[in-house]
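Below: one structure in C-alpha cells.
What's counted below: heavy atoms across the whole structure, side chains too, no hydrogens, waters or symmetry copies.
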Amino acid sequence: MNDRQDPYAHDPYAQAQVHGYDVYGQPVYRPDAPERVYDAYGQPLQQQVYGYDPYTAQPQQPQQPQTAYDSYATQIQQAQQEWIPRQTGPVGDGDPEGAVADGRIPEPRPAVDSAPGSAPEADAYRTEQFSFIEEPDEGSEDVIDWLKFSESRTERRDERKRKGRNRVVALAVVLVLALGGGIGWFLLSGGEEKKSTAAATGAQKRDVIVVHLRQTQGGDSSTALLVDNETTKKATTLLLPNSLGLTTKGGGTATTLGKAVQDAGTGATRDALNTLLGADIKGSWRLDTPYLENLVELVGGITVDTDAAVPGAKQGEGPLVEQGKGKTLGGRAAVGYATYRAAGEDQGRQLSRFGQVMQAVLRKMSTDPQAATTTVDSLAQIPDPSLSVQQLGASLANLAGKAKEGSYATSVLPVKADGALGGQAADTMVKDVLGGTVRATAKGAPPRVSVKNATGSAAASGTAQVALVNGGYTYVEGGASGTAEAASSVTYADDARAAEAKEVARTLGLPEKAVRKGTGAGNADVAVVLGKDYKG
C-alpha cells in the first residue's frame with residue numbers, strides 16, 4: 001500500500017456524508033447523515049479500523065470505539081493545557097504532510113475529490129491533518145507595537161523641543177538679568193552724589209505747608225515753611241524773617257511778612273508767599289503759643305542744644321531755660337526758648353531757636369499718619385480751611401520719619417534790611433528747597449513803589465495807592481511822616497529805574513522835576529514822599 005495514499009479515500013463518510021467544516025476544522029454532516037466520531041487528533045473512530053497509520057507507516061490495531069462526548073472532552077482538556085498551535089506530524093525533511101516547524105497553521109486547502117483508487121496530489125493538505133486552535137493575531141500586535149513606538153518617539157522628539165526652548169528662554173533671562181545688573185551697578189556706582197544730582201535736575205515732588213507761631217501776648221509771630229521733598233527723601237524747615245517784603249491784595253499792596261500775618265491773615269499771606277517765591281504752598285497751620293506748649297507735652301517733651309539762657313517771667317525767678325547741650329524742655333520752656341530774642345539781637349537768632357524746637361518736636365512725633373493725626377486732633381485747634389487735621393497729621397508723620405532718620409535740615413532765608421531777598425544766595429535756596437523762582441527778581445516784574453505820606457492828610461495814602469495799583473505798580477506802604485513836606489519827591493537808586501521813576505511821577509500827577517536819584521527805599525524800586533503839593 002502506498003504510504004502517501006489517503007487511508008480514508010474509500011471511507012464513505014469522507015466522500016458522501018461531509019457537508020462542510022466548522023471553525024474548529026471539524027466536518028459538518030448533512031442532516032440525514034449519521035454522526036461521525038473523531039479522536040483528539042481529528043481521526044475518525046470506527047469499530048475496527050484497518051490499514052496503515054499515515055504518520056508512522058505502521059499497521060493499525062483495532063481500537064475501541066469512543067463516544068462523541070469522550071472525544072470532545074478530550075479536545076477541551078488539551079486546549080486548556082496548551083493554547084498553542086500543534087504540529088500534526090514529525091518535524092523534518094521527510095515530513096510527508098509538509099508540517100510547519102514554527103507552529104503557524106497554513107491555510108486549509110479544499111478537499112480533492114478522487115475517484116476510488118486514484119492517488120491524491122503530492123502537495124495537497126487535508127483539514128483532518130490539523131488541530132485548529134484559536135490564537136491572537138500576531139499582525140495586529142505588531143501594528144499596536146509599531147504605533148506605541150511611533151507615539152513614544154514623537155513624545156521624545158516633542159520633549160527635546162520643549163527642553164530646547166526652555167534652555168533658550170533660560171539663557172535669555174540670564175542675559176537680561178546680567179545686563180540689568182550691569183546697568184544697575186553702573187548707575188549705583190556713582191554714589192549718593194550722582195543720585196542726588198539726578199534727582200535735583202529732574203522734576204521733584206514736594207509737600208509744603210506754612211506754619212505761623214503766633215504769640216498771644218504782644219502779637220509777634222514767627223513763620224517757617226515745612227518742606228517734605230518726596231523725590232530726594234529729605235526735609236527742610238525754611239525760616240522766613242518778618243522783614244521779608246510781600247505784596248498782598250492781588251499785587252496791589254506791598255507789606256512785610258510780619259504785618260501780613262497780623263493784618264491780612266493766613267490765606268492772603270500764603271498767596272503772597274507763593275507769588276514771591278514761585279512755590280506751591282498747599283496749606284497754612286496757625287500754631288499759637290498755647291498750642292505749641294500742649295504739642296510739646298503730648299510728645300513727651302523735647303531735647304535741644306540751647307544757645308542762650310531764657311530768664312524766668314517773674315523778677316528773681318530762676319532761668320526758664322538753661323544754656324547748654326542736650327537740655328530737656330517741657331511745653332512752657334519750649335515756648336519760651338522758641339520765642340526768645342535778646343535785646344538788640346537780630347530776628348534771625350530767634351528764628352533759629354524756633355526752628356530747633358520744631359525739628360525736636362518732629363523727632364518725637366509718630367511716623368504713623370493715624371497716630372500723628374490723633375496727636376494734632378488732641379490739640380483741639382480750629383484748622384485752617386486750606387489744611388484739614390488729617391492732612392496736617394499725614395504731613396507731620398512724613399516729616400517725622402525724615403527727622404528721625406537724620407535727613408532733615410533747618411535754614412534761614414537770606415533777607416536784606418530793606419526786605420528784599422538776599423541776592424544769589426536767596427535765589428539758590430528758593431530753587432533748591434522749594435523748586436521755585438523768586439518772582440520779584442524775575443525779568444519784567446512790576447516795579448515796587450514805596451509811598452510815604454507827608455501831606456498832613458491821611459486820605460492821601462489811599463488815593464496814591466489806588467492810582468499806582470491801577471497803573472500796574474506794586475504798592476509798598478511807607479507809613480506817615482510826623483512833619484509835613486512842602487514838595488513831593490520821587491527817588492530811585494538804580495539808573496535802570498530812572499524811566500520808571502518818571503512814569504511814577506506822571507501817574508501820581510507830580511512834576512518831572514520831583515524825580516531825582518537818591519538812596520530810595522530799601523524794600524522798593526522807587527520811593528515816593530507825598531508833600532502838600534500832591535493834589536491826588
Next item on the list: State whether the side chain of Thr455 and the backbone N or O of Ser457 hold a donor-acceptor pair below 3.5 Å, judged by distance alone.
Entry: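 Pair found, side chain donor or acceptor close to backbone of Ser457.
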
Next item on the list: Can you sort out the partners of Ala372 under side-chain contact (heavy atoms from CB on, under 4.5 Å), two or more places apart, ordered by chain and number?
Entry: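 In terms of side-chain contact (heavy atoms from CB on, under 4.5 Å), with neighbours along the sequence ignored, Ala372 is linked to Met365, Ala397.
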
Next item on the list: For the pair Thr306 (side chain) and Glu322 (backbone), establish whether a donor and an acceptor sit closer than 3.5 Å, ignoring hydrogens and angles.
Entry: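 Yes, Thr306 side chain to Glu322 backbone: donor-acceptor pair under 3.5 Å.
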
Notebook entry, point to check: Stepwise, does the salt bridge (Lys or Arg N to Asp or Glu O under 4.0 Å) test hold for Arg353 with Asp307?
Noted result: CA-CA 8 Å; Arg353 297 181 185 115; Asp307 65 350; 2.9 Å; yes

Next item on the list: Drop me the distance from Leu226's CG to Leu362's CG, to the nearest 0.5 angstrom.
Entry: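 Here the interatomic distance stands at 6.5 Å.
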
Item checked: Euclidean distance, Gln323 CD relative to Asp305 CG, rounded to 0.5 Å ->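 Nearest 0.5 Å value for the CG-CD distance: 10.5 Å.
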
Item checked: Closest non-hydrogen atom pair between Tyr340 and Ala308, with its separation ->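 Closest pair (atom of Tyr340, atom of Ala308, distance): CE2-CB, 4.1 Å.
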
Side-chain donor/acceptor pairs under 3.5 Å, residues 376-384, sequence neighbours excluded:
{"from": "Ser378", "atom 1": "OG", "to": "Thr374", "atom 2": "O", "distance (Å)": "2.8"}
{"from": "Gln381", "atom 1": "OE1", "to": "Trp285", "atom 2": "NE1", "distance (Å)": "3.2"}
{"from": "Gln381", "atom 1": "NE2", "to": "Arg286", "atom 2": "O", "distance (Å)": "2.9"}
{"from": "Asp384", "atom 1": "OD1", "to": "Thr266", "atom 2": "OG1", "distance (Å)": "2.8"}
{"from": "Asp384", "atom 1": "OD2", "to": "Ser386", "atom 2": "N", "distance (Å)": "3.0"}
{"from": "Asp384", "atom 1": "OD2", "to": "Ser386", "atom 2": "OG", "distance (Å)": "2.5"}

Note to self: Working to the nearest 0.5 angstrom, can you tell me the gap between Leu246 CG and Arg270 CZ?
What the structure shows: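 Between Leu246 CG and Arg270 CZ, I get 13.0 Å after rounding to 0.5 Å.
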
Next item on the list: Applying side chain to side chain contact (heavy atoms under 4.5 Å, CB included), run through Ser352 and Thr410 and close with a yes or a no.
Entry: CA-CA 8 Å; Ser352 296; Thr410 300; over 6 Å; no

Checklist line | Closest non-hydrogen atom pair between Ala460 and Tyr534, with its separation | finding: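 For Ala460 and Tyr534, the tightest heavy-atom pair comes out as O-CE2, 4.0 Å.
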
Item checked: Electrostatic pair Arg448-Asp525, nearest N-O below 4.0 angstrom ->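 The answer is no: the pair does not qualify as a salt bridge.
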
Checklist line | Donor-acceptor contact present, side-chain Gln359 to main-chain Ala403, <3.5 Å | finding: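 Checking the backbone N and O of Ala403 against the side chain of Gln359, no donor-acceptor pair under 3.5 Å is found.
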
Check: Roughly how far apart are Leu257 CG and Thr223 OG1, rounded to 0.5 Å?
Finding: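 Rounded to the nearest 0.5 Å, the CG-OG1 separation comes to 4.0 Å.
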
Item checked: Test log, rule side-chain hydrogen bond (donor to acceptor under 3.5 Å, both in side chains), inputs Ser222 and Gln350 -> CA-CA 9 Å; Ser222 302; Gln350 179 266 318; 2.8 Å; yes

Check: Between Gln465 (side chain) and Gly462 (backbone), is there a donor-acceptor pair under 3.5 Å?
Finding: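 Between the backbone of Gly462 and the side chain of Gln465 there is no qualifying donor-acceptor contact (under 3.5 Å).
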
Margin query: Show, in sequence, the C-alpha distance, side-chain angles and deciding distance for Gln204 and Arg206, and conclude whether the side-chain hydrogen bond (donor to acceptor under 3.5 Å, both in side chains) test is met.
Written below: CA-CA 6 Å; Gln204 300 180 18; Arg206 297 176 175 85; 2.9 Å; yes

Notebook entry, point to check: If you look at every heavy atom in Leu329 and Tyr337, which pair is closest and at what distance?
Noted result: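 Here Leu329 and Tyr337 meet closest at CD1-CB, 4.3 Å.
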
Checklist line | side chain to side chain contact (heavy atoms under 4.5 Å, CB included) between Leu273 and Val210, intermediate numbers included | finding: CA-CA 9 Å; Leu273 288 172; Val210 56; 4.2 Å; yes

Checklist line | Closest non-hydrogen atom pair between Lys517 and Ala493, with its separation | finding: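 In this case the closest contact between Lys517 and Ala493 is CE-O, 3.6 Å.
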
Item checked: With Asp432 via side-chain contact (heavy atoms from CB on, under 4.5 Å) - residues at least two apart ->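 So Asp432 forms a side-chain contact (heavy atoms from CB on, under 4.5 Å) with Thr428.
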
Checklist line | Lys/Arg N to Asp/Glu carboxylate O, Asp207 vs Lys282, below 4.0 Å | finding: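 Counted as a salt bridge, because a side-chain N and a carboxylate O are separated by less than 4.0 Å.
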
Checklist line | Closest heavy-atom pair and its distance - Leu298, Thr375 | finding: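 Closest approach of Leu298 to Thr375, heavy atoms only: CD1-O, 3.6 Å.
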
Notebook entry, point to check: What side-chain hydrogen bond (donor to acceptor under 3.5 Å, both in side chains) pairs are there with at least one residue in residues 397-406, not counting sequence neighbours?
Noted result: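 Non-adjacent pairs meeting side-chain hydrogen bond (donor to acceptor under 3.5 Å, both in side chains): Asp228-Lys402.
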
Next item on the list: Could you grab the distance from atom CG of Leu239 to atom CG of Leu244, nearest 0.5 Å is fine?
Entry: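 CG of Leu244 is found 12.5 Å from CG of Leu239.
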
Checklist line | Check against salt bridge (Lys or Arg N to Asp or Glu O under 4.0 Å), Lys532 and Glu485 | finding: CA-CA 6 Å; Lys532 292 182 178 180; Glu485 298 287 342; over 6 Å; no

Next item on the list: Please test Asn294 against Val296 for side chain to side chain contact (heavy atoms under 4.5 Å, CB included), starting from the C-alpha separation and ending with a verdict.
Entry: CA-CA 5 Å; Asn294 293 338; Val296 172; over 6 Å; no

Notebook entry, point to check: How close do Met429 and Pro414 get, heavy atom to heavy atom, and via which atoms?
Noted result: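 In this case the closest contact between Met429 and Pro414 is SD-CD, 4.0 Å.
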
Check: So does Lys502 have more than 12 non-hydrogen atoms from other groups sitting under 6.0 Å from NZ?
Finding: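 No, not enclosed.
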
Next item on the list: Identify, with sequence neighbours excluded, every residue that meets salt bridge (charged side-chain N to carboxylate O under 4.0 Å, His left out) alongside Lys325.
Entry: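 Once residues adjacent in sequence are excluded, Lys325 has no partner under the salt bridge (charged side-chain N to carboxylate O under 4.0 Å, His left out) criterion.
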
Checklist line | Results of side-chain contact (heavy atoms from CB on, under 4.5 Å) for Asp368 - residues two or more places apart only | finding: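 Ser366, Gln370, Ala371.
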
Item checked: Thr339 side, atom OG1; Gln215 side, atom CD - distance, nearest 0.5 Å ->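 So the OG1 of Thr339 and the CD of Gln215 are separated by 4.5 Å.
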
Check: Should we count NZ of Lys259 as having more than 12 external heavy atoms under 6.0 Å?
Finding: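 Counting other residues, nucleotides and ligands, NZ of Lys259 stays at 12 neighbours or fewer.
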
Item checked: N/O donor-acceptor pair under 3.5 Å between Thr256 side chain and Ser243 backbone ->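 No.
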
Check: Do the charged groups of Glu345 and Arg349 touch, with an N to O distance under 4.0 Å?
Finding: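 Salt bridge flag = yes for Arg349 with Glu345.
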
Next item on the list: Could you walk me through whether Ser221 and His212 pass the side-chain hydrogen bond (donor to acceptor under 3.5 Å, both in side chains) test, one step at a time?
Entry: CA-CA 7 Å; Ser221 63; His212 302 291; 5.9 Å; no

Notebook entry, point to check: If we only count heavy atoms from C-beta on, is the Leu351 to Gln347 side-chain gap below 4.5 Å?
Noted result: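 Leu351 vs Gln347: side chains touch.
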
Notebook entry, point to check: Is there a side-chain contact between Leu277 and Leu225 (heavy atoms, below 4.5 Å)?
Noted result: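 Yes. Closest side-chain heavy atoms under 4.5 Å.
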
Notebook entry, point to check: Taking Asn229 for the side chain and Thr231 for the main chain, is one N or O donor matched with an acceptor at less than 3.5 Å?
Noted result: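 Looks like yes, one N/O pair under 3.5 Å.
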
Item checked: Neighbour count >12 (heavy atoms, 6.0 Å) for atom CD, Glu512 ->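 Counting neighbours around CD of Glu512, 12 or fewer heavy atoms of other residues, nucleotides or ligands fall under 6.0 Å, so no.
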
Next item on the list: Tell me, with the steps shown, if Lys452 and Ser481 meet side chain to side chain contact (heavy atoms under 4.5 Å, CB included).
Entry: CA-CA 7 Å; Lys452 184 177 182 179; Ser481 175; 3.8 Å; yes

